[in-house]
Undergrad: 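My structure is below; once you've seen it, I'll send some questions.
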Amino acid sequence: MTILSAAALQAGYGDRTILRGLDFTVPPGRITAIVGANACGKSTLLRCLARLLRPEAGEVQLDGRALNRFGARDLARRLGLLPQSPIAPDGITVADLVSHGRHPHQGLLSRWSPEDDRAVARALEATGMADLAERDIDALSGGQRQRAWIAMALAQETGILLLDEPTTFLDISHQVEVLDLLVDLNRSRGTTIVMVLHDLNLAARYADHLVAMLDGRISASGSPEAVLTEAMVEEVFGLKSLVIPDPTSGKPMMLPLGRHGMRREVAE
Amino acid sequence: MTAAIAPGPTAQAILRRRRARAGWLVLVLLALAGAAVLSVALGTRDVGWSAILAGVRGGTDTIAEAVVAVRVPRTVLAALAGAALGLAGAVMQGVTRNPLADPGILGINAGAAMAVVIGIAWFGMVRLEAFLWTAILGAGLAAGFVYAVGTMGRGGATPLKLALAGAATAIAASSFTVAIILPRNDIAGGVRSWQVGGVGGATWEAILPCLPLLAAGFVLCLISARSLNLLALGDEAAAGLGARVAWARASAALGAVMLCGATTAICGPIGFVGLVVPHLCRLLIGVDHRWLLPFSALAGAILLILADVLGRIVARPSEMDVGIVTAFLGAPVFIWIVRKRRVRDL
């Protein structure tokens, strides 16, 4: 199973360093969610893991080999990426979009192969998009569109899938739909999933492994039960909260405490 | 899986679309042939079919045959220049993800024109080969400058910043060109008619030296089709799919710059072909660059040949330069694109 890890990672934009000496190994075959306040470096970490951003110091390794020693297609056959806001060209169909996922598997001159066709069919099937394959992306709902993008990343057939805030801009039912789909993929294909998530409670419910970041460092990591605590929320988000077991999943659930709207016994 | 026996749904869709596109390809090739015939047959002087046949074979015995013999290289030049500009426009729209990208709007043609005028005015340049390299240098510098300015600040080279930088560069280069020509009565007349953009003076001697450059530009542009398909999904998604984003963008842009520079050197800056043609082709065959690029080249050739024919007919007994005709045809399409497109693309 593919191992993706970062050692003494330092990275940023221009002269603004965001990650300062970060060590991280992605648990293989599991779902990892990275959480943290805005500008804590969670997207920067994901961009380094995907080789979108060159580290200032330290390095990212895939199976013990430095990431920058992989060819572009070679890396794209092992590591899939779904950016936060990819662009769908006007008038492109779901099937067209998903078939882009086969690009790293095709040679410069090779044509569309039966294996490509099967991979696209599997990806459409797995994401429940088979019936919508000939639709224009523009004609889909937000959740369907996100499923189409995930299908594209699936057609790539990589061992690892990195997703940058896959549920942002989606309403709650579509958020649940997308996260359920990611769990299906992880369970059925064994795909290692790393995603940046905003919603702590959804992260705790869907991830096997939770990583909380603060100021370019990993502040806590481990099982959701170990990581999502009142102390962590206070440290990472500067927010007082109540953490109780989620009655539907048994995972920890965080309820923020504000200055208003609280019952008297909680406020005291 | 049953997909191993029968072609899967994606393969079927691909086959179906390929058939539709092949149909369009046949139509476009027929239209190109028709336009070429019109271009040789029609003009300010009416000629008979016998003169046309003789003239095409190189006969110059009568005035009519000689007229036809001149129209042949003119038609070839219009086809080459139109194909180059249509293809360059499609590539630039792909590279910048900007529906308004066009060799004219991004300042590439103006940069090439300025370089040529500087060469004529300050260095006494007269040879076409010198025009050619100077124009490509000017086009490349303008492209590099526009891209550098467009990349400054947060968010990198967004389509909006590129378009603004290009428009500003185009205006600055044109003003500078005018400033160079104004005090120079000796060269003003010649430069001005070249500046409008025309294929009227075409000779084989002028076309031949451009061919290697045009060929290199065509190849560079056409082989970038797949990378442009990936770039259309955004830089990050393209990188995630194994595209070498910076490299792909640079090589495609270089091809487009070579096409624009070479075309501008022989014909002067011709606007709007690179803008209009790719949009019309997208309506016909969709957004896949592997089809869009060759179609844009063919349709560009057709458009410029027809524009040239129109320019010969509407202003009889004189002629109207093809650059003016394309501007008349292109301006309404430009407005249509701006109105149709949502601001999201800018």
Side-chain angles (χ1 to χ4, degrees), chain A residues 13-14 47 50-52 70-77 79-106 108 111-125 130 133-134 149 152-153 155-156 158 161-162 164, chain B residues 1-18 93-94 97 99 153-156 159 223-248 279 282-290 292 337 340-342 344-345:
Chain A
Y13 305 93
R47 289 170 60 86
R51 204 173 68 172
L52 292 176
F70 285 87
R73 279 160 194 270
D74 190 18
L75 186 64
R77 281 192 294 268
L79 198 103
L81 166 74
L82 188 57
Q84 192 177 354
S85 39
I87 304 163
D90 274 357
I92 194 172
T93 64
V94 173
D96 279 339
L97 184 72
V98 176
S99 56
H100 279 314
R102 298 306 294 166
H103 176 264
H105 296 273
Q106 293 175 318
L108 270 179
R111 298 167 67 96
W112 189 254
S113 72
E115 179 48 37
D116 292 328
D117 211 42
R118 280 193 291 274
V120 169
R122 277 197 297 270
L124 289 170
E125 196 64 41
E134 290 305 307
W149 283 106
M152 184 192 83
Q156 218 170 321
T158 58
L161 183 54
L162 307 176
D164 195 356
Chain B
M1 232 187 222
T2 49
I5 306 155
T10 324
Q12 279 172 354
I14 289 172
L15 278 177
R16 202 174 330 121
R17 214 161 315 141
R18 194 172 284 166
Q93 287 167 17
R97 275 197 298 274
R154 272 190 76 85
I223 60 171
S224 64
R226 269 196 187 181
S227 320
L228 291 179
N229 279 346
L230 296 185
L231 283 180
L233 308 175
D235 287 4
E236 297 190 347
L241 289 169
R244 289 186 293 168
V245 172
W247 173 252
H279 283 286
R282 257 182 226 113
L283 291 180
L284 290 187
I285 49 123
V287 290
D288 185 343
H289 285 85
R290 285 171 301 177
L292 182 63
I337 294 165
K340 188 189 76 141
R341 288 287 182 143
R342 279 159 294 165
R344 153 179 90 89
D345 291 309

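These figures come from a predicted structure and were not determined experimentally. Per chain, numbering begins at 1; letters A, B, ... match sequence-line order.
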Undergrad: Determine whether a donor-acceptor pair (N or O, by modelled atom type, separation under 3.5 Å) exists between the side chain of B:E236 and the backbone of A:S85.
TA: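 Checking the backbone N and O of A:S85 against the side chain of B:E236, no donor-acceptor pair under 3.5 Å is found.
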
Undergrad: Which bit of A:L97 is near chain B, if near means a heavy-atom gap under 4.5 Å: side chain, backbone, both or neither?
TA: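 Interface part for A:L97: side chain.
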
Undergrad: Taking all heavy atoms of B:L233 and all of A:M152, pick out the closest pair and write down the distance.
TA: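 In this case the closest contact between B:L233 and A:M152 is CD1-SD, 4.0 Å.
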
Undergrad: Taking all non-hydrogen atoms of both residues, which atom of A:H100 and which atom of B:L241 are closest, and how far apart?
TA: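 Of all heavy-atom pairs spanning A:H100 and B:L241, the closest is O-CD2, 3.7 Å.
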
Undergrad: So which atom in B:V287 and which in A:D90 form the shortest heavy-atom distance, rounded to 0.1 Å?
TA: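 Minimum heavy-atom contact is CG1-O, 3.2 Å.
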
Undergrad: For atom CD of A:E125, decide whether the heavy atoms of other residues, nucleotides or ligands shown that lie under 6.0 angstrom number more than 12.
TA: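 No - once you tally the heavy atoms of other residues, nucleotides and ligands closer than 6.0 Å, there are 12 at most.
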
Undergrad: Relative to chain B, which of A:Q84, A:R77, A:R47 shows the most heavy atom pairs under 4.5 Å?
TA: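 Of the candidates given, the most pairs with chain B belong to A:R47.
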
Undergrad: Minimum heavy-atom separation for B:A239 to A:L52, with atom names?
TA: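 Looking at all heavy atoms of both residues, the closest pair is CB-CD2, 3.6 Å.
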
Undergrad: In chain order, what residues pass the side-chain hydrogen bond (donor to acceptor under 3.5 Å, both in side chains) check against B:S227, with sequence neighbours excluded?
TA: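 So B:S227 forms no side-chain hydrogen bond (donor to acceptor under 3.5 Å, both in side chains) with any residue.
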
Undergrad: List the residues meeting salt bridge (charged side-chain N to carboxylate O under 4.0 Å, His left out) with B:R244, not counting sequence neighbours, and say none if there are none.
TA: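 By the salt bridge (charged side-chain N to carboxylate O under 4.0 Å, His left out) rule, B:R244 matches no residue at all.
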
Undergrad: B:A237 and A:P86: which non-hydrogen atoms are nearest, and at how many Å?
TA: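 Closest approach of B:A237 to A:P86: CB-CB, 4.4 Å.
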
Undergrad: Which heavy atom of A:A76 sits nearest a heavy atom of B:G240, and at what distance?
TA: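 Scanning both residues completely, I find the closest heavy atoms to be CB-O, 3.5 Å.
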
